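Given the structure is predicted, the values throughout are model-derived calculations rather than measurements. Positions are given from 1 along the sequence. Atoms considered below: every heavy atom in the structure, side chains included; atoms not considered: hydrogens, waters and symmetry mates.
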Amino acid sequence: MPHSFDDATIAGVLRHMNSDHTDDNILIARAFGNDQAAVSATMTSFDGDGGQWEVTGAGGAVEALRVPWPGGPITERPEVRREIVALYDDACERLGIEPRPHG
């Protein structure tokens, strides 16, 4: 069974991803989902095994997308950022986009 994070951690990560990283969400959805022309993506949840997004495709269909963490299962709050950054970097590579530097 995947590790479950506490409600405050989940709320904080989702707020940050959906407020400050909307473009990253779309890149992840386009790279790992079924529609490379997806028009929007919202991170809806995550656990120790991966993240979940609600993705709106170019045709308007809405689908759930679950993506496993690149580094494998996690259990600690700091690992969430590391794995989301790794997903972003992998998404950029898959899409042929130069990733921005991480600070």
Short side-chain to backbone donor-acceptor contact, Glu54 and Thr44, under 3.5 Å:
no
Can you find a pair of side-chain heavy atoms, one from Leu27 and one from Leu95, that are under 4.5 Å apart?
yes
Test: Arg100 and Asp24 ion pair at under 4.0 Å:
yes
Within 6.0 Å of CG in Asn34, more than 12 heavy atoms from elsewhere
no
Taking only residues at least two apart or on different chains, which pairs with a member in residues 38-49 satisfy salt bridge (charged side-chain N to carboxylate O under 4.0 Å, His left out)?
Asp47-Arg66
Could you tell me which non-hydrogen atom of Ala38 sits nearest to which non-hydrogen atom of Ile26, and how far apart they are?
O-CG2, 3.9 Å
All heavy atoms of Thr22 vs all of Asn18, minimum pair found to be CG2-O, 3.2 Å
What distance separates Asp23 CG from Tyr88 OH, expressed to the nearest 0.5 Å?
9.0 Å
State whether the number of non-hydrogen atoms from other residues, nucleotides or ligands found under 6.0 Å of Asp7 atom CG is greater than 12.
no
Measuring from atom CD of Glu76 to atom CZ of Arg82, what distance do you get when rounded to the nearest 0.5 angstrom?
10.0 Å
Shortest non-hydrogen pair, Gly57 vs Asp35, comes out as CA-OD2, 3.1 Å
Residues that His16 engages under side-chain contact (heavy atoms from CB on, under 4.5 Å), provided they are two or more places apart
Asp20, His21
Supply the members, apart from Val67, of the Ile/Leu/Val/Met/Phe/Trp/Tyr cluster built from side-chain contacts under 4.5 Å; use none for a lone residue.
Phe5, Ile10, Val13, Leu14, Met17, Ile28, Phe32, Met43, Phe46, Trp53, Val55, Leu65, Trp69, Ile74, Val80, Ile84, Leu87
What's the shortest heavy-atom distance between Ala86 and Pro70, and which atoms?
CB-CG, 3.8 Å
Can you tell me how far apart CD (Glu93) and CD (Glu98) are? Round to the nearest 0.5 Å.
11.0 Å
What heavy-atom pair brings Pro2 and Gly48 nearest, and what distance separates the two atoms?
CB-N, 4.3 Å
